[in-house]
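Heads up: the structure comes next, in C-alpha cells.
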Amino acid sequence: MSTSFEPGAPTPEGFIPLCVPEIRGNEWDYVKDCLDKGWVSSIGAFVDRFERMTAEYVGTKYAVATSTGTAALHLALMAARIQPGEEVLVSALTFAAPVNTIRYIGAHPVFMDAEPHTYEMDAEKVVEFLTTACDWQNGALINRATGRRVRAIMPVHILGHPVDIDPILEAAARFDLTVIEDATESLGARYKGRMVGHLGHIACLSYNGNKLITTGGGGMVITDNPALAKRAKYLSTQAKDDPIEYIHEEVGYNYRLTNVQAAIGCAQMEQIDIYIAKKRAIAAHYGQAFADLNGITPMQQADWAESVFWMYTILVDKAIFGMNSRDLMRELQNRGIQSRPLWHPVHSLTPYKNEFAYRVELVDILYRDALSLPCSVGLTDAQQSRVIDTLGELVRVTA
Ligand SMILES: *Cc1c(COP(=O)(O)O)cnc(C)c1O
C-alpha cells in the first residue's frame, strides 16, 4: 500500500489524500535551468546549494546529499564504523527503513519501546536497558542477554516530533556510544530549542514524496564531524581514491543525488517555513476540534518540543468512539477520505522476530489504535472541516 495518493492518477472527485507533495515555488525554473545547461547528473551547482541550504538550516557544519534517506542511514552507520555483529538501539515503532539499514551492515537492532504521549522512543527505558541490562567490560558495553557489543543508538524522531534525547545523549557519552539520528520525519522540529538533526553525532534526512519537503526521492547526511562527513561522501561516490585512474581502496556505493533532484530540493527549502507553519495550523485546528470528541485522543506535543506535525495522528478508543481504528479507516475511505494506521511494530515482523527486544510493551497498543489523518501542506480549510465533520458523524454510529 502506498503511503500517499499518487499525483497523476485520476483523482476521484472530492477525494482527500493523506499527505501529498506541495510544488508551488521555483521548482519548474530550477529544473529548467538544469536541463537548459545540461547539468542533469550527480555534479552541479544545485547539489552544492542544496547541501549548503540544509546545513545552514539545521545548523550543522556539513551536509552530504544522497539518493534516498535509506542510503543516508546506511552511509551514517558505515561512516561511524559500526561493525557486523554489533548492536544498535532503535524504536520498535518506526517505518522499517532504519532497521533494515542496521541489517545491511550485518549489525543487529535492539528494539526499544515507545512512550505513550508522543509515541517516540522511550528514553527512560533506553537508559534503564543500558544501565541495568548491560555490562561494561574492557571499555565496551555488552548486552547481557545476547553477549553482543552495544555500539550505537538510533533515535527515530517519528511523525514530526523529537525523541526526548538528553537522557539518551548522557547515557551515550557515558558508555561511548554513537548517536545516529533518523530525522527523516522531523526536519525543522526542535528539542528544547535545539534543531532535530543537530542533537547526536550524525543525522539523516529524507526527501521522499510524502516527507515535509521532497525531491521526488533523496536524502541527506548531516553532521558537525568532518571525518564522518568526509567518509559519508567518500562511500557515497563509489569510494573513488583516484578519479582519473579509477583507484578504489574500499567497496563503495553510488548513493548520490542528481542535480535535477537537488534543484527541486532548493525550491522546496525556500518554502520550508511556510510548510511548517501550515502543518502546525492543521494540527492546531484538529486539536481544537477533537478536544471534545469522545474516544479520540489527538497526538500530543511535549513541553520541551516544537513539533512540525509532519503526519497528524490520533488514537481511537474503540470502547468510547464506537469503532476501532481500522473500521474508522474503512468508513473514512467510503466517504473519500484517506487515513492510515502507523507501522506494524518492526520487532514482530518476519525478518526481525528473532532479534532482541527490551521490554517492548506499548507499541502494539499504539499500532492497534493509531490513525493518521489528511495533513498535506495543501489541505484546504473546507477539506479539513469535512474530515472533522465526518469523524463527528461517525462517533458511536455503530454502538
Ligand atoms: C521515509 C523514512 C526513511 C527512508 O527514507 P527514504 O528516502 O524513503 O529512503 C527512513 N526512516 C524513516 C523513519 C522514514 O519515515
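We use all heavy atoms of the structure for the numbers below, so side chains are in, but hydrogens, waters and symmetry mates are not. Just follow the structure's listing: the first ligand is 1, and inside any ligand the first atom is 1. Numbering starts at 1 and runs along the sequence shown.
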(request) Output every pair passing ring-ring contact (aromatic ring centres under 6.0 Å, His included) with a member in residues 60-82, not counting sequence neighbours, ordered by first then second residue. (result) H74-Y104, H74-Y253, H74-Y255

(message) Distance check, rounded to the nearest 0.5 Å: T94 atom OG1 versus L159 atom CG?
(response) 9.0 Å

(message) Is it the case that the side chains of Q333 and Q338 hold a donor-acceptor pair, with the cut-off being a distance below 3.5 Å and no angle test?
(response) no

(message) Considering only residues two or more places apart or on different chains, which pairs with a residue in residues 275-308 satisfy ring-ring contact (aromatic ring centres under 6.0 Å, His included)?
(response) H161-W304, Y191-W304, Y286-F290, Y286-Y312

Could you pull out the N/O contacts under 3.5 angstrom between ligand 1 and the surrounding protein atoms?
| from | atom 1 | to | atom 2 | distance (Å) |
| --- | --- | --- | --- | --- |
| ligand 1 | 5 (O) | S206 | OG | 3.2 |
| ligand 1 | 7 (O) | G69 | N | 2.7 |
| ligand 1 | 7 (O) | S206 | OG | 2.7 |
| ligand 1 | 9 (O) | G69 | N | 3.3 |
| ligand 1 | 9 (O) | T70 | N | 2.9 |
| ligand 1 | 9 (O) | T70 | OG1 | 2.5 |
| ligand 1 | 11 (N) | D182 | OD2 | 2.7 |
| ligand 1 | 11 (N) | T184 | OG1 | 3.1 |
| ligand 1 | 15 (O) | E185 | OE2 | 2.5 |
| ligand 1 | 15 (O) | K211 | NZ | 3.3 |

(request) Indicate yes or no: at least one non-hydrogen side-chain atom of H201 is less than 4.5 angstrom from one of T223. (result) no

(message) Does anything in residues 206-252 form a ring-ring contact (aromatic ring centres under 6.0 Å, His included)? List the pairs, not counting sequence neighbours.
(response) F50-Y207

